[in-house]
Amino acid sequence: MNHFLAAADLTEAEIRHLLRASHLFLNRLKPGQTLPLLKGKTVVNLFFENSTRTRTSFELAVRRLEGSTLSFASSTSSVQKGETLIDTAKNLQAMGPHCIVVRHSSAGSPVTLSRVLNLSIVNAGDGFHEHPTQGLLDAFTIQEKLGDIRGKKILILGDIAHSRVARSNIHILKKLGASITVCGPPSLLPPQSKSLEVDFCYRPEQALSEVDVVIALRIQMERQNGMQIPSLSEYAKIWGLTKSRAQLLKKNAIILHPGPVNRGIEIDPEVADDEPRSVILDQVHNGVLVRMAVLAELCNPEGLAQWMAKEGTSSHAH
Ligand code: CP
């Protein structure tokens, strides 16, 4: 892999390799222990949209691999004077980093950068399009909690149309053999549902008792034009993952949410906080591990393969 741009581009073997690396990081590294897989390398976090989880977990991932990070915030940069995305990225490239992690509101901007720059690009979320490391960390969280994803039934609930997380989840989880149902208001289901080869329903009650996993999505007010849902309270009433709806789930079913959570809208606070059934904070923890795997695979694949071979065959491997 030269870049990590979209879950749609990943093969099942590539996904399984990254999940295996993440699993070894989880089980073989002690808290705070570092590995020199990015020693001497610099990763730029180029974020044009706000982020709590993704940006900080990429920073921590680089530090745990003994690399250096350089964080860029568009709000305090020369973007405010009119500099373009491409000029900004080319100027950062001129300072000699090895990889750029980019988040941007324009779908396709990471692909554009991958064509004009000579370093690795990681997509940290581009518009409605994809958020592939989120898809990977969700798959990793499900696998760690429930075992092999093949045959698992997964419900993605909420604002599917505006969700880059849903798209990346669908691509990754389907390649791992899950069956996916998407559920939400008809106005928030994507027009390409058929090409995504997922089932869909319009009421959560139609699916909740059948599934192993529910991924509740944030309602993305910033990407709507205000016309798709009558009101947030009506949305919460019909599609929210309320306490009574969560009671329909099987005993061992788990609940994911990519964050940030709109408490009381797409998910009730009691449901979001209902650990261990809610694995929302496990997702955040796992985000560091899968981002370590992605960065190591891009910047030092031989080093990662050697470490995995050593750790994966030793008697302590899980
Ligand atoms: N899940 C996610 O992308 O969260 P942030 O926007 O906080 O990075």
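Counting starts at 1 for both ligands and their atoms, following the listed order. Quick caveat, the model's predicted, so the values are computed rather than measured.
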message = Would you compute the distance between atom CD1 of Ile149 and atom CD1 of Ile15 and round it to the nearest 0.5 angstrom?
response = 9.5 Å

task = Kindly give the heavy-atom pair with the smallest separation between Leu176 and Ala139, and that separation in Å.
result = CD1-CB, 3.9 Å

key: Part of Arg218 within contact of ligand 1 (heavy atoms, under 4.0 Å)   = neither

ask   = For ligand 1, is any non-hydrogen atom under 4.0 Å from His131's backbone (N, CA, C, O), its side chain (CB onward), both, or neither?
value = side chain

request  = Go through ligand 1 atom by atom and flag the ones less than 4.0 Å from a non-hydrogen atom of Gly259.
outcome  = 1 (N), 2 (C), 4 (O)

remark   = The atoms of ligand 1 lying under 4.0 Å from a heavy atom of Gln134, numbered in the order shown, are 1 (N), 2 (C)

ask   = Are Met308 and His17 close enough that some pair of their side-chain heavy atoms sits under 4.5 Å apart?
value = yes

Arg55 vs Ser71 side-chain heavy atoms within contact, under 4.5 Å = yes

request  = Please test Arg218 against Asp159 for salt bridge (charged side-chain N to carboxylate O under 4.0 Å, His left out), starting from the C-alpha separation and ending with a verdict.
outcome  = CA-CA 7 Å; Arg218 182 171 72 86; Asp159 181 0; over 6 Å; no

What protein heavy atom lies closest to [atom]? Include the residue and the distance to one decimal.
atom	result
atom 4 (O) of ligand 1	Arg53 NE, 3.0 Å
atom 6 (O) of ligand 1	Arg103 NH1, 2.9 Å
atom 2 (C) of ligand 1	Thr54 OG1, 3.5 Å
atom 1 (N) of ligand 1	Pro258 O, 2.8 Å

Under 3.5 Å: N/O of Thr52 near N/O of ligand 1 = yes

query = In terms of side-chain heavy atoms, does Asn286 have a donor or acceptor partner in Thr141 at a distance below 3.5 Å?
reply = yes

remark   = ring-ring contact (aromatic ring centres under 6.0 Å, His included) pairs touching residues 61-85, sequence neighbours excluded, are Phe48-Phe72

